[in-house]
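Worksheet: the structure to be examined is printed underneath.
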Amino acid sequence: MGPIIFATNNQNKVAEVQLLLKKSDIIIKTLKEEGIEIDIPEPFDTLEENAQEKAKVINDLTGKNCFSEDTGLFVTALAGAPGVKSARYAGENKSMEKNINLLLHNLHEEKDRTAYFKTVICLVWNEKSYFFNGICEGKIELYKKGNAGFGYDSVFTPKGSDKTFAEMAINDKNIFSHRKKALAELTAFFDQQQ
Ligand code: ITT
């Protein structure tokens with residue numbers, strides 16, 4: 001199997017996925033490596049549609065097989081917000097500091113801090129679309145902890161851990177994460193193709 005493009009502009013996702021695929025036959029090419037500079041749109045109300053849009057844009061551009069993913073943080077006490085809008089929770093400028101501050105503010109004095117991350121991968125493979133999901137349950141902390149990772153990692157502690165994702169090395173985040181679970185489905189799909 002030849003290399004496959006991972007259609008993302010998020011280098012932290014690339015680092016996590018590269019580690020997760022280390023022991024598999026799947027070799028990924030990043031948009032950077034393909035010389036593609038594009039702000040991929042995420043205009044829809046579901047992770048599935050946004051993931052498919054990202055993969056289709058890159059497939060149309062290159063004619064090559066590729067996959068993308070869309071991820072959201074779903075908080076119980078906020079009726080699932082920030083959800084699909086996680087990147088733009090506090091506004092269009094996509095400031096993670098503002099997003100996290102707004103999240104902590106909206107959860108102020110809230111006792112139920114349960115939340116989950118969900119990742120949907122869309123694979124465009126020989127002109128067909130395939131979807132793979134991963135969920136990681138956990139809770140939102142009262143304040144930020146740790147400096148590793150990205151996005152909401154500093155306020156999210158996965159079930160089964162006493163550390164936030166931002167207090168973990170990538171390998172440890174990869175034990176629990178939504179992305180790891182979705183990617184396991186993707187690798188199982190490729191195993192079946194052989
Ligand atoms: P691409 O669309 O280029 O893949 P992105 O950073 O825009 O990259 P998403 O739309 O999937 O990715 O992410 C939505 C938001 O959720 C965004 O603010 C991310 O920082 C955050 N996020 C995604 N995965 C995360 C993770 O594993 N841990 C913490 N935050 C995450």
Side-chain angles (χ1 to χ4, degrees), residues 5-20 28-32 34 36-58 61 66-75 78 80-104 115-124 131-141 144-158 161 163-183:
I5 301 173
F6 181 20
T8 180
N9 284 316
N10 184 327
Q11 296 315 306
N12 292 291
K13 288 185 182 177
V14 171
E16 289 180 15
V17 166
Q18 264 166 344
L19 261 184
L20 284 165
I28 57 168
K29 285 264 184 194
T30 63
L31 291 182
K32 241 185 184 173
E34 288 287 307
I36 298 169
E37 264 188 59
I38 184 173
D39 189 18
I40 311 171
E42 303 175 309
F44 297 109
D45 290 332
T46 64
L47 297 176
E48 284 77 9
E49 288 169 296
N50 283 332
Q52 186 168 35
E53 178 71 12
K54 295 186 220 186
K56 278 191 72 185
V57 166
I58 298 307
L61 203 65
C66 66
F67 72 95
S68 69
E69 58 115 290
D70 202 37
T71 295
L73 175 64
F74 297 79
V75 180
L78 303 177
V84 181
K85 306 280 177 220
S86 290
R88 296 179 177 80
Y89 189 41
E92 279 306 311
N93 64 353
K94 288 190 182 181
S95 156
M96 264 338 286
E97 198 185 339
K98 285 188 181 160
N99 286 341
I100 290 175
N101 288 343
L102 180 61
L103 177 67
L104 295 181
Y116 64 89
F117 275 110
K118 181 173 179 186
T119 292
V120 175
I121 291 177
C122 176
L123 169 71
V124 177
F131 294 89
F132 309 101
N133 300 323
I135 283 179
C136 176
E137 290 181 17
K139 62 171 187 188
I140 305 298
E141 293 295 335
K144 293 186 218 174
K145 294 181 191 172
N147 298 310
F150 68 100
Y152 294 92
D153 279 347
S154 61
V155 290
F156 184 85
T157 298
S161 168
K163 289 181 182 163
T164 67
F165 275 154
E167 293 176 298
M168 297 180 188
I170 294 184
N171 268 327
D172 294 329
K173 177 177 176 184
N174 278 346
I175 294 171
F176 298 95
S177 93
H178 39 296
R179 187 159 293 110
K180 170 248 173 87
K181 290 168 190 160
L183 219 58

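One-based numbering, in listed order, for ligands and for the atoms of each.
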Pairing donors with acceptors under 3.5 angstrom, does anything connect the side chains of Glu16 and Ser177?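 Result is no, nothing qualifies.
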Side-chain H-bond candidate by donor/acceptor type, Thr71 with Thr119, under 3.5 Å: yes
How are the rings of Phe117 and His178 set to each other: parallel, tilted or perpendicular (split at 30° and 60°)? parallel
Taking the inter-plane angle between the rings of Phe67 and Phe6 on a 0 to 90° scale, is it parallel (under 30°), tilted (30 to 60°) or perpendicular (over 60°)? parallel
Pairing residues for Tyr89 by the ring-ring contact (aromatic ring centres under 6.0 Å, His included) criterion, not counting sequence neighbours: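 Here no residue qualifies.
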Protein residues that have a heavy atom under 4.0 Å from any atom of ligand 1, sorted by chain and number: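 Its neighbours under 4.0 Å (heavy atoms only) are Thr8, Asn9, Asn10, Lys13, Glu42, Lys54, Glu69, Asp70, Thr71, Ser86, Ala87, Met96, Phe117, Phe150, Gly151, Tyr152, Asp153, Lys173, His178, Arg179, given by chain and number.
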First locate atom CG of Asn99, then atom CG of Leu73, and finally report the distance between them rounded to the nearest 0.5 Å.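 The CG atom of Leu73 is 10.0 Å from CG of Asn99, to the nearest 0.5 Å.
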